[in-house]
S.K.: 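Mind having a look at this structure? Questions to follow.
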Amino acid sequence: MKEPQAVQNLIKPLESKLATPSPTSTTQTGNTQQDSQRDEAQQQTRVLVNMLFARFKAIYTHKFASAYSNPDEVKLAKREWAVALKGFQEPLLAYAVERTKEVYAWPPTISEFLKLINTAYKAYGLLDPRSAYLEACACRSDPLLFHWSHPAVYFAGTQTGWYKLKSEEERVSWPLYEENYRNIVDRVISGERLVVPKVTMIENKYSVGVDTLISDIAKALNLPEEEVAPVLYYTQKTLGTGIRQRYRLIAAEKLKAMGYSGTLPE
(Lines give C-alpha, C1' and ligand atoms only; values in the text may rest on other atoms or scores of the structure.)
Protein backbone atom coordinates (compact mmCIF):
# COMPACT_ATOMS: atom_id res chain seq x y z
CA MET A 1 0.00 0.00 0.00
CA LYS A 2 1.43 3.36 -0.93
CA GLU A 3 2.09 5.66 1.97
CA PRO A 4 -0.11 8.79 2.28
CA GLN A 5 1.68 11.64 0.54
CA ALA A 6 1.61 13.77 3.68
CA VAL A 7 3.34 11.03 5.61
CA GLN A 8 5.96 10.55 2.89
CA ASN A 9 6.72 14.26 2.93
CA LEU A 10 7.25 14.17 6.68
CA ILE A 11 9.21 10.96 7.01
CA LYS A 12 11.69 11.32 4.14
CA PRO A 13 13.37 14.43 5.58
CA LEU A 14 13.56 12.68 8.94
CA GLU A 15 15.81 9.94 7.60
CA SER A 16 18.76 12.25 8.21
CA LYS A 17 17.25 14.15 11.16
CA LEU A 18 15.92 11.38 13.35
CA ALA A 19 18.17 8.50 12.38
CA THR A 20 21.67 8.48 13.79
CA PRO A 21 24.33 5.82 13.41
CA SER A 22 23.33 2.91 15.63
CA PRO A 23 25.88 2.05 18.30
CA THR A 24 27.56 -1.29 18.05
CA SER A 25 25.15 -3.86 19.42
CA THR A 26 26.06 -5.21 22.82
CA THR A 27 23.49 -7.98 22.61
CA GLN A 28 24.88 -11.18 24.03
CA THR A 29 24.13 -14.52 22.48
CA GLY A 30 21.20 -15.97 24.44
CA ASN A 31 20.49 -19.55 25.24
CA THR A 32 17.70 -19.57 22.70
CA GLN A 33 16.71 -17.74 19.55
CA GLN A 34 13.84 -16.16 21.49
CA ASP A 35 16.28 -14.66 24.01
CA SER A 36 18.37 -13.24 21.18
CA GLN A 37 15.33 -11.69 19.49
CA ARG A 38 14.16 -10.16 22.76
CA ASP A 39 17.59 -8.65 23.44
CA GLU A 40 17.73 -7.27 19.91
CA ALA A 41 14.29 -5.68 20.29
CA GLN A 42 15.32 -4.08 23.59
CA GLN A 43 18.48 -2.71 22.00
CA GLN A 44 16.46 -1.29 19.10
CA THR A 45 14.06 0.39 21.52
CA ARG A 46 16.96 1.98 23.42
CA VAL A 47 18.40 3.33 20.17
CA LEU A 48 15.03 4.81 19.16
CA VAL A 49 14.58 6.45 22.56
CA ASN A 50 18.05 7.98 22.28
CA MET A 51 17.05 9.32 18.87
CA LEU A 52 13.87 10.82 20.32
CA PHE A 53 15.68 12.56 23.15
CA ALA A 54 18.24 13.94 20.72
CA ARG A 55 15.42 15.37 18.61
CA PHE A 56 13.61 16.78 21.66
CA LYS A 57 16.84 18.47 22.78
CA ALA A 58 17.29 20.04 19.34
CA ILE A 59 13.65 21.15 19.12
CA TYR A 60 13.14 22.51 22.65
CA THR A 61 16.72 23.62 23.52
CA HIS A 62 16.65 25.33 26.95
CA LYS A 63 13.13 24.04 27.67
CA PHE A 64 14.44 20.49 27.34
CA ALA A 65 17.29 21.33 29.71
CA SER A 66 14.76 22.66 32.22
CA ALA A 67 12.64 19.52 31.99
CA TYR A 68 15.66 17.21 32.38
CA SER A 69 18.11 19.11 34.55
CA ASN A 70 20.62 16.36 35.32
CA PRO A 71 21.93 13.09 33.83
CA ASP A 72 20.18 10.92 36.42
CA GLU A 73 16.79 12.38 35.47
CA VAL A 74 17.53 11.77 31.79
CA LYS A 75 18.51 8.16 32.51
CA LEU A 76 15.34 7.47 34.49
CA ALA A 77 13.19 9.20 31.88
CA LYS A 78 14.71 7.19 29.04
CA ARG A 79 13.96 3.99 30.94
CA GLU A 80 10.28 4.92 31.27
CA TRP A 81 10.05 5.97 27.63
CA ALA A 82 11.63 2.68 26.54
CA VAL A 83 8.94 0.74 28.42
CA ALA A 84 6.15 2.86 26.93
CA LEU A 85 7.45 2.76 23.34
CA LYS A 86 8.32 -0.93 23.23
CA GLY A 87 7.16 -2.38 19.91
CA PHE A 88 6.74 0.91 18.04
CA GLN A 89 8.79 1.28 14.88
CA GLU A 90 10.65 4.33 13.59
CA PRO A 91 8.13 5.58 10.96
CA LEU A 92 5.39 6.03 13.58
CA LEU A 93 7.78 7.70 16.01
CA ALA A 94 9.13 10.00 13.29
CA TYR A 95 5.62 11.09 12.40
CA ALA A 96 4.81 11.75 16.06
CA VAL A 97 8.00 13.82 16.51
CA GLU A 98 7.01 16.04 13.60
CA ARG A 99 3.54 16.50 15.08
CA THR A 100 5.09 17.27 18.48
CA LYS A 101 6.68 20.42 17.10
CA GLU A 102 3.27 21.63 15.93
CA VAL A 103 1.32 20.79 19.09
CA TYR A 104 3.54 21.24 22.16
CA ALA A 105 5.63 24.22 23.23
CA TRP A 106 7.38 22.09 25.84
CA PRO A 107 8.75 18.53 25.59
CA PRO A 108 5.74 16.16 25.61
CA THR A 109 4.95 13.69 28.35
CA ILE A 110 4.78 10.00 27.50
CA SER A 111 0.99 10.16 27.51
CA GLU A 112 0.95 13.14 25.13
CA PHE A 113 3.42 11.48 22.78
CA LEU A 114 1.39 8.24 22.67
CA LYS A 115 -1.65 10.26 21.63
CA LEU A 116 0.35 11.69 18.73
CA ILE A 117 1.38 8.19 17.68
CA ASN A 118 -2.33 7.37 17.41
CA THR A 119 -2.68 10.19 14.89
CA ALA A 120 0.04 8.47 12.86
CA TYR A 121 -2.08 5.33 12.69
CA LYS A 122 -4.92 7.43 11.29
CA ALA A 123 -2.61 8.88 8.64
CA TYR A 124 -2.17 5.36 7.27
CA GLY A 125 -5.90 4.59 7.51
CA LEU A 126 -5.29 2.30 10.49
CA LEU A 127 -6.89 1.94 13.89
CA ASP A 128 -4.80 2.20 17.03
CA PRO A 129 -4.03 -1.25 18.54
CA ARG A 130 -6.68 -1.09 21.25
CA SER A 131 -9.47 -0.08 18.88
CA ALA A 132 -8.37 -2.80 16.45
CA TYR A 133 -8.51 -5.39 19.23
CA LEU A 134 -12.03 -4.36 20.24
CA GLU A 135 -13.19 -4.54 16.62
CA ALA A 136 -11.65 -8.00 16.21
CA CYS A 137 -13.34 -9.25 19.39
CA ALA A 138 -16.71 -7.85 18.33
CA CYS A 139 -16.54 -9.61 14.95
CA ARG A 140 -14.73 -12.83 15.87
CA SER A 141 -17.66 -15.19 15.15
CA ASP A 142 -17.77 -14.70 11.36
CA PRO A 143 -14.56 -12.82 10.47
CA LEU A 144 -14.77 -13.45 6.73
CA LEU A 145 -18.27 -12.00 6.56
CA PHE A 146 -17.45 -8.74 8.31
CA HIS A 147 -16.53 -5.47 6.58
CA TRP A 148 -13.30 -4.60 8.40
CA SER A 149 -12.15 -1.03 8.91
CA HIS A 150 -8.74 -2.19 7.64
CA PRO A 151 -7.41 -5.63 6.60
CA ALA A 152 -4.70 -5.32 9.28
CA VAL A 153 -7.38 -5.83 11.95
CA TYR A 154 -8.47 -9.10 10.32
CA PHE A 155 -4.96 -10.47 9.77
CA ALA A 156 -3.93 -9.71 13.36
CA GLY A 157 -7.03 -11.62 14.50
CA THR A 158 -6.13 -14.53 12.24
CA GLN A 159 -2.58 -14.70 13.61
CA THR A 160 -3.82 -14.46 17.18
CA GLY A 161 -6.47 -17.10 16.56
CA TRP A 162 -10.21 -16.42 16.38
CA TYR A 163 -10.93 -19.21 18.83
CA LYS A 164 -8.46 -17.69 21.28
CA LEU A 165 -10.17 -14.31 20.95
CA LYS A 166 -13.47 -16.03 21.74
CA SER A 167 -12.36 -18.24 24.61
CA GLU A 168 -9.39 -16.63 26.38
CA GLU A 169 -9.58 -13.86 28.96
CA GLU A 170 -8.57 -10.40 27.85
CA ARG A 171 -5.39 -10.49 29.93
CA VAL A 172 -4.26 -13.36 27.68
CA SER A 173 -5.66 -12.41 24.27
CA TRP A 174 -4.98 -8.65 24.32
CA PRO A 175 -1.13 -8.80 24.59
CA LEU A 176 -1.00 -11.44 21.85
CA TYR A 177 -3.24 -9.43 19.54
CA GLU A 178 -1.38 -6.19 20.24
CA GLU A 179 1.97 -7.72 19.29
CA ASN A 180 0.57 -9.30 16.11
CA TYR A 181 -1.19 -6.08 15.11
CA ARG A 182 1.91 -3.93 15.53
CA ASN A 183 3.92 -6.37 13.41
CA ILE A 184 1.30 -6.17 10.67
CA VAL A 185 1.22 -2.36 10.94
CA ASP A 186 4.97 -2.40 10.23
CA ARG A 187 4.26 -4.37 7.05
CA VAL A 188 1.57 -1.90 5.99
CA ILE A 189 3.87 1.07 6.59
CA SER A 190 6.56 -0.70 4.57
CA GLY A 191 4.18 -0.77 1.61
CA GLU A 192 2.58 -4.21 1.79
CA ARG A 193 -0.99 -4.34 0.54
CA LEU A 194 -3.28 -6.61 2.55
CA VAL A 195 -6.48 -8.08 1.13
CA VAL A 196 -9.03 -9.99 3.19
CA PRO A 197 -10.03 -13.25 1.44
CA LYS A 198 -13.48 -13.11 -0.11
CA VAL A 199 -15.98 -15.88 0.57
CA THR A 200 -18.45 -16.43 -2.24
CA MET A 201 -21.82 -17.90 -1.39
CA ILE A 202 -22.17 -20.83 -3.80
CA GLU A 203 -25.30 -22.54 -5.00
CA ASN A 204 -26.24 -25.74 -3.21
CA LYS A 205 -26.72 -28.13 -6.14
CA TYR A 206 -28.41 -30.71 -3.94
CA SER A 207 -31.18 -28.47 -2.68
CA VAL A 208 -32.52 -24.99 -3.12
CA GLY A 209 -30.13 -22.29 -4.39
CA VAL A 210 -28.54 -20.22 -1.65
CA ASP A 211 -29.65 -16.90 -3.17
CA THR A 212 -33.23 -18.15 -3.28
CA LEU A 213 -32.98 -19.44 0.29
CA ILE A 214 -31.71 -16.09 1.54
CA SER A 215 -34.46 -14.26 -0.31
CA ASP A 216 -37.21 -16.56 1.02
CA ILE A 217 -36.05 -16.30 4.64
CA ALA A 218 -35.61 -12.54 4.39
CA LYS A 219 -39.17 -12.18 3.12
CA ALA A 220 -40.52 -14.48 5.84
CA LEU A 221 -38.82 -12.45 8.55
CA ASN A 222 -39.36 -9.10 6.83
CA LEU A 223 -35.63 -8.37 7.05
CA PRO A 224 -33.01 -7.17 4.54
CA GLU A 225 -31.18 -9.99 2.81
CA GLU A 226 -27.90 -8.54 4.12
CA GLU A 227 -28.93 -9.50 7.65
CA VAL A 228 -29.88 -13.03 6.70
CA ALA A 229 -26.93 -13.99 4.49
CA PRO A 230 -24.28 -14.16 7.29
CA VAL A 231 -26.50 -16.54 9.27
CA LEU A 232 -26.35 -19.06 6.41
CA TYR A 233 -22.59 -19.41 6.65
CA TYR A 234 -22.98 -23.20 6.75
CA THR A 235 -23.86 -23.26 3.04
CA GLN A 236 -20.23 -22.42 2.25
CA LYS A 237 -19.04 -25.68 3.82
CA THR A 238 -18.72 -28.97 1.95
CA LEU A 239 -21.96 -30.92 1.78
CA GLY A 240 -22.05 -33.92 4.10
CA THR A 241 -19.24 -32.79 6.42
CA GLY A 242 -19.51 -32.53 10.18
CA ILE A 243 -18.55 -28.89 10.23
CA ARG A 244 -21.36 -28.06 7.79
CA GLN A 245 -23.82 -29.83 10.10
CA ARG A 246 -22.57 -27.93 13.14
CA TYR A 247 -22.89 -24.57 11.41
CA ARG A 248 -26.31 -25.58 10.09
CA LEU A 249 -27.52 -26.23 13.63
CA ILE A 250 -26.15 -22.86 14.75
CA ALA A 251 -27.92 -21.17 11.82
CA ALA A 252 -31.19 -22.95 12.66
CA GLU A 253 -31.00 -21.77 16.27
CA LYS A 254 -30.29 -18.18 15.26
CA LEU A 255 -33.14 -18.12 12.75
CA LYS A 256 -35.53 -19.69 15.23
CA ALA A 257 -34.68 -16.93 17.71
CA MET A 258 -35.41 -14.42 14.93
CA GLY A 259 -38.84 -15.98 14.39
CA TYR A 260 -38.20 -18.30 11.44
CA SER A 261 -40.10 -21.60 11.59
CA GLY A 262 -38.92 -23.22 8.35
CA THR A 263 -36.43 -26.08 7.94
CA LEU A 264 -33.00 -25.39 6.52
CA PRO A 265 -31.77 -27.65 3.70
CA GLU A 266 -28.85 -29.96 4.34
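Everything quoted here is computed from the prediction, not taken from an experiment.
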S.K.: At their closest point, which heavy atom of G157 faces which heavy atom of Y177, and how far apart are they?
M.R.: N-CE1, 3.4 Å
S.K.: Could you check whether any side-chain N or O of R248 sits under 3.5 Å from a backbone N or O of P265, counting only pairs where one atom can act as donor and the other as acceptor?
M.R.: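 Yes, R248 side chain to P265 backbone: donor-acceptor pair under 3.5 Å.
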S.K.: Which distance, rounded to the nearest 0.5 Å, do you find between the NZ of K75 and the CD of E80?
M.R.: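 Spacing of NZ (K75) from CD (E80) equals 13.5 Å.
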S.K.: Hey, quick one: are I110 and L76 part of the same hydrophobic cluster, counting side-chain heavy atoms closer than 4.5 Å, chains of contacts allowed?
M.R.: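 No, separate clusters.
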S.K.: Taking CG in N70 as the centre, count heavy atoms belonging to other residues, nucleotides or ligands within less than 6.0 Å. Is the count above 12?
M.R.: yes
S.K.: Less than 3.5 Å apart, any donor N or O on the side chain of T160 or Y133 sitting next to an acceptor on the other?
M.R.: no
S.K.: Angle class for the F56/F53 ring planes (parallel below 30°, perpendicular above 60°, tilted otherwise)?
M.R.: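 The arrangement is tilted - the two ring planes meet at 30° to 60°.
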S.K.: If you count heavy atoms of other groups shown closer than 6.0 angstrom to NZ of K63, is the number above 12?
M.R.: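 Atom NZ in K63 is packed in, count exceeds 12.
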S.K.: Would you give the length of the straight line joining atom CG of L232 to atom CD1 of I250, rounded to the nearest 0.5 angstrom?
M.R.: 12.5 Å
S.K.: Are W106 and F113 grouped together when hydrophobic residues (ILVMFWY) are joined by side-chain heavy atoms under 4.5 angstrom apart?
M.R.: no
S.K.: Taking I243 as the starting point, is it possible to reach V231 by hopping between hydrophobic residues whose side chains are less than 4.5 Å apart?
M.R.: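 As far as the 4.5 Å side-chain criterion goes, I243 and V231 are connected within one cluster.
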S.K.: Counting only heavy atoms not in K166 (residues, nucleotides, ligands), do more than 12 fall under 6.0 Å from its NZ?
M.R.: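 Check passes, neighbour count above 12.
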S.K.: Taking all heavy atoms of Y234 and all of L213, pick out the closest pair and write down the distance.
M.R.: OH-CD2, 4.2 Å
S.K.: Do P197 and L144 have side chains that get closer than 4.5 Å, going by heavy atoms?
M.R.: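 Yes - at least one pair of side-chain heavy atoms lies under 4.5 Å apart.
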S.K.: To the nearest 0.5 angstrom, please state how far the SG atom of C137 sits from the CH2 atom of W162.
M.R.: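 Between C137 SG and W162 CH2, I get 8.5 Å after rounding to 0.5 Å.
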S.K.: With the threshold set at 4.0 Å, does a side-chain nitrogen-carboxylate oxygen contact exist between R182 and E179?
M.R.: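 Looking at E179 together with R182, the answer is no, because their closest N to O distance does not fall below 4.0 Å.
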S.K.: State, with a plain yes or no, whether a side-chain heavy atom of T109 is found less than 4.5 Å away from one of Y104.
M.R.: no
S.K.: Would you say NZ of K115 has more than 12 non-hydrogen atoms from neighbouring residues, nucleotides or ligands within 6.0 angstrom?
M.R.: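 No, not enclosed.
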S.K.: Give a yes or no on whether a salt bridge exists between E253 and K256, defined as a side-chain N under 4.0 angstrom from a carboxylate O.
M.R.: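 Between K256 and E253 there is no salt bridge, as every charged N stays at least 4.0 Å from the carboxylate O atoms.
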S.K.: Is D128 close to I117 at the side-chain level, that is, under 4.5 Å between some pair of heavy atoms?
M.R.: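 Answer no - side chains too far apart.
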S.K.: Test of understanding: clusters of I, L, V, M, F, W, Y form through side-chain heavy atoms closer than 4.5 Å, transitively. Do L249 and L145 belong to the same one?
M.R.: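 In one cluster: no.
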S.K.: Can you confirm whether Y260 sits close enough to V228 that some side-chain heavy atom of one is under 4.5 Å from a side-chain heavy atom of the other?
M.R.: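 Heavy-atom side-chain distance check fails, nothing below 4.5 Å.
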S.K.: Check whether any side-chain heavy atom of R55 lies under 4.5 Å from a side-chain heavy atom of T100, and answer yes or no.
M.R.: no
S.K.: L85 vs L48, test: side chain to side chain contact (heavy atoms under 4.5 Å, CB included). Steps then yes/no.
M.R.: CA-CA 9 Å; L85 299 181; L48 288 174; over 6 Å; no
S.K.: Less than 4.5 Å apart, side chain to side chain, heavy atoms only: is that true for W148 and P143?
M.R.: yes
S.K.: Check whether V83 and M51 end up in the same hydrophobic cluster, where Ile, Leu, Val, Met, Phe, Trp and Tyr are linked by side-chain heavy atoms less than 4.5 Å apart.
M.R.: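 V83 and M51: separate clusters.
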S.K.: Output all residues satisfying salt bridge (charged side-chain N to carboxylate O under 4.0 Å, His left out) with E225, sequence neighbours left out; order by chain, then residue number.
M.R.: none
S.K.: Are M258 and I217 close enough, and set up right, to give a side chain to side chain contact (heavy atoms under 4.5 Å, CB included), and what steps lead you there?
M.R.: CA-CA 10 Å; M258 295 164 68; I217 294 176; over 6 Å; no
S.K.: Whether E227 and K254 form a salt bridge (side-chain N of Lys/Arg under 4.0 Å from carboxylate O of Asp/Glu) is what I want to check.
M.R.: no
S.K.: Indicate yes or no: at least one non-hydrogen side-chain atom of L116 is less than 4.5 angstrom from one of V97.
M.R.: no
S.K.: For a quick test of reading the model, state the closest non-hydrogen atom pair linking L264 to A251 and the distance between them.
M.R.: CD1-CB, 3.8 Å
S.K.: I need the minimum non-hydrogen distance between P129 and E178, along with the two atoms involved.
M.R.: CB-CG, 4.2 Å
S.K.: What is the minimum heavy-atom distance between E102 and R99, and which atoms define it?
M.R.: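 So the minimum-distance heavy-atom pair works out to OE1-NH1, 2.5 Å.
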S.K.: Do Q159 and N183 touch side chain to side chain, with heavy atoms closer than 4.5 Å?
M.R.: no
S.K.: Supply the atom-to-atom distance H150 NE2 to Y121 OH, rounded to the nearest 0.5 angstrom.
M.R.: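 If we round to the nearest 0.5 Å, H150:NE2 and Y121:OH are 12.5 Å apart.
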S.K.: Distance-only, no hydrogens or angles: does the E135 side chain make a donor-acceptor pair with backbone N or O of V153 under 3.5 Å?
M.R.: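 Not confirmed, E135 side chain does not pair with V153 backbone.
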S.K.: Under 3.5 Å, side chain of Y181 to main-chain N/O of L127, donor-acceptor pair present?
M.R.: yes
S.K.: List the atom of L221, the atom of G259, and the distance in Å for their closest heavy-atom pair.
M.R.: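 That closest heavy-atom pairing would be CD2-C, 3.6 Å.
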S.K.: As a quick check of understanding, evaluate side chain to side chain contact (heavy atoms under 4.5 Å, CB included) for L165 and L176, giving each step before the final call.
M.R.: CA-CA 10 Å; L165 288 173; L176 293 173; over 6 Å; no
